[in-house]
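Residues take their numbers from the sequence shown, with the count starting at 1. Just the heavy atoms: all of them, side chains too, but no hydrogens, waters or symmetry mates, feed the values below. No experiment lies behind these values; they were computed from the predicted model shown.
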Amino acid sequence: MKRVPVIEETGLKSTVCGPESFTPDHKPLLGEATDCRGFFQGCGFNSSGIMLAGGCGRELANMVVEGTTSIDMFGYDVNRYHPDCTKNKAWILERSHEAYVKNYAMVFIHDENLAKRDMRIDPLHETLLSKGCVFQQRQGFERPGYFATHKDAVNEKMEYDWYGSYGNEVHANYAYRDRLDEEYTFGYPPHFDVIGAESDACRERAALFNMSYFGKFFLSGPDAQAAVDYLCCSNINKGPGGTVYTNMLNKNGGSETDLTVSHIEPCPETGLDRFYIAAGGGSSNRDKAHIMNVIDDKGFDCTLVDHSADYGMLSLQGPKSREILGSICDADLSNEAFPFSSHRLTNIAGHEVRLMRLTFVGELGWELHIPSEGLVDVYNTVMEAGKAHGIVDGGYRAIDSLSSEKGYKHWHEDVRPDTTPLEAGMAWLVNAKLKTDVDFLGRDALLAQKKSGIKKRLVCLKVKSPVPLVTLEAISRDGDVVGWVCRTAYGYSVGCNVAWGYVEHPEKISLDWVKSGKYQVECMGEVYDAEVSLAAPFDPKNLRVKGIY
């Protein structure tokens with residue numbers, strides 16, 4: 001009334017009671033439909049249409065006119081949902097209800113849903129559950145979060161109880177819900193040391209991570225090489241046996257995806273080039289949509305086929321990984337025969353396995369890409385071989401810590417559609433290709449940015465005060481706010497919080513400017529000193545990835 005006094009005198013002329021649209025995560029649906037090019041959606045505003053209209057309208061217009069957004073809008077992207085979710089009416093109904101129930105609830109960084117769990121699982125689910133796994137759900141897929149060590153660590157998910165609505169009884173004695181309740185804190189959770197033990201085991205011995213929720217795509221056809229050359233900002237023309245971590249950019253040079261591309265054996269039916277693409281499961285459907293749209297726009301004669309459900313993926317990492325893997329397969333795993341960023345086919349436990357020498361935690365290690373029917377056999381074989389070396393199961397909470405202290409990027413956090421590889425400190429991704437005449441999406445924007453300089457830069461901040469960070473904290477330099485934290489995790493190997501954030505300069509950022517200031521991070525109204533660096537705090541010389549310990 002104080003802001004608009006006339007309302008007090010106007011009175012109610014009419015009331016309207018009608019249907020409203022709600023979505024499974026209480027966020028709008030924005031963007032172009034993959035099955036009907038040119039049809040853009042702006043709907044599902046969850047009774048927040050007036051509040052969100054300005055920003056969403058602007059970004060929807062950017063999608064139509066520019067083909068991309070000016071800020072990161074993945075949380076609202078119509079392609080964020082996996083098709084298995086959107087085709088499942090029970091998932092839509094239960095998740096939409098839970099999102100509505102929790103609309104005004106406090107948001108904690110590691111919260112998980114209770115509605116419609118265990119919808120997408122891999123063959124290892126029951127095995128890992130029996131070992132105390134506390135699962136996270138991403139796009140309907142259950143992935144390992146961490147492994148509880150309680151004697152009563154039984155963490156099955158129960159049927160959705162609708163929070164007691166519609167005549168349902170709220171579940172009693174629900175162990176998984178109890179695990180989540182422990183997360184409802186802005187302090188360190190009770191299982192902080194459990195995640196630390198998984199991280200330490202990976203650094204000191206070996207850990208096996210189940211990453212089967214990843215998207216796995218095969219790209220083939222007469223123009224397959226031309227397509228990956230145009231889509232990817234890195235040099236993909238390494239020939240069969242090569243695997244490349246790369247980003248796919250938009251026309252502004254922003255990162256639309258980060259994934260690996262492997263040049264594999266030719267298509268058996270046609271003899272044409274084939275590429276195997278592995279993409280993070282949380283964004284794999286959006287990645288797929290981006291790839292297919294670019295192929296369509298450029299008229300490339302090639303086909304992208306989704307085989308995500310047909311393959312499992314394990315990641316064996318740590319100083320003992322070579323010894324463990326070498327005892328169960330006949331592949332030569334030496335640095336000379338099997339260098340980093342390469343792949344080979346081998347046989348483990350009677351199943352054909354594609355080994356890729358890659359890491360997302362900064363250790364000597366391999367990914368194992370396995371037909372789904374062989375996933376349990378290969379897992380059991382690796383774990384049995386690793387017993388003598390102290391192998392452990394690891395979850396994504398440990399991966400978050402390990403990758404953060406090593407400086408490996410997460411798409412939608414460190415790298416996003418509104419940040420370029422140059423701004424993210426990843427010039428090594430693009431420099432070699434920019435020196436060639438190979439065209440790729442975003443090339444012109446990067447060349448212009450290299451010439452003009454960058455105005456923002458991703459930096460690492462070590463915060464030694466014993467306070468957990470949650471992201472979006474303000475970053476100040478010499479007392480002035482210059483940026484914000486986009487990702488953070490506790491680094492067990494370096495003994496402090498590791499935060500990554502973008503700092504900005506109105507004209508042009510120089511390395512001297514970044515390094516010369518005094519930095520602080522604000523968290524919960526308190527300000528904490530931070531040490532700034534452009535390099536990762538753990539193994540900055542990258543020796544461990546090369547097997548040098």
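- Under a 4.0 Å N-O distance rule, the pair Arg357/Glu367 does not qualify as a salt bridge.
- The heavy-atom pair separating Ser403 from Asp400 by the smallest distance is OG-O, 3.3 Å.
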Hey, can you pull the donor-acceptor pairs under 3.5 Å for the side chains in residues 517-524, sequence neighbours left out?
unit_1 : atom_1 : unit_2 : atom_2 : d
Tyr519 : OH     : Val514 : O      : 2.8
Gln520 : NE2    : Asp529 : OD1    : 3.0

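- Between Tyr176 and Tyr174, the two ring planes are tilted [angle within 30° to 60°].
- Contact check for Phe360 versus Ser315: no side-chain heavy atoms found under the 4.5 Å cut-off.
- Taking Glu504 as the reference, nothing meets the side chain to side chain donor-acceptor pair (under 3.5 Å) condition, with sequence neighbours excluded.
- Phe538 is linked by a ring pair (Phe, Tyr, Trp, His ring centres under 6.0 Å) to nothing, counting only residues two or more places apart in sequence or in another chain.
- Not counting sequence neighbours, Arg457 has no partner by the salt bridge (Lys or Arg N to Asp or Glu O under 4.0 Å) test.
- Asp377 is listed as a side-chain neighbour of His351, based on a closest heavy-atom distance under 4.5 Å.
- A cation-pi arrangement is absent between Arg203 and Tyr492 under the rule of less than 6.0 angstrom and at most 45 degrees off the ring axis.
- Here the shortest heavy-atom pairing between Pro123 and Ser372 reads CG-O, 3.5 Å.
- Counting only N and O atoms by type, the side chains of Tyr245 and Asp258 include a donor and acceptor under 3.5 Å apart.
- Applying the salt bridge (Lys or Arg N to Asp or Glu O under 4.0 Å) definition to pairs two or more places apart or across chains, those involving residues 534-549 are Glu363-Arg544.
- Here the shortest heavy-atom pairing between Leu364 and Tyr549 reads N-OH, 3.1 Å.
- Residues forming a side chain to side chain donor-acceptor pair (under 3.5 Å) with Glu198 (at least two apart in sequence, or on another chain): none.
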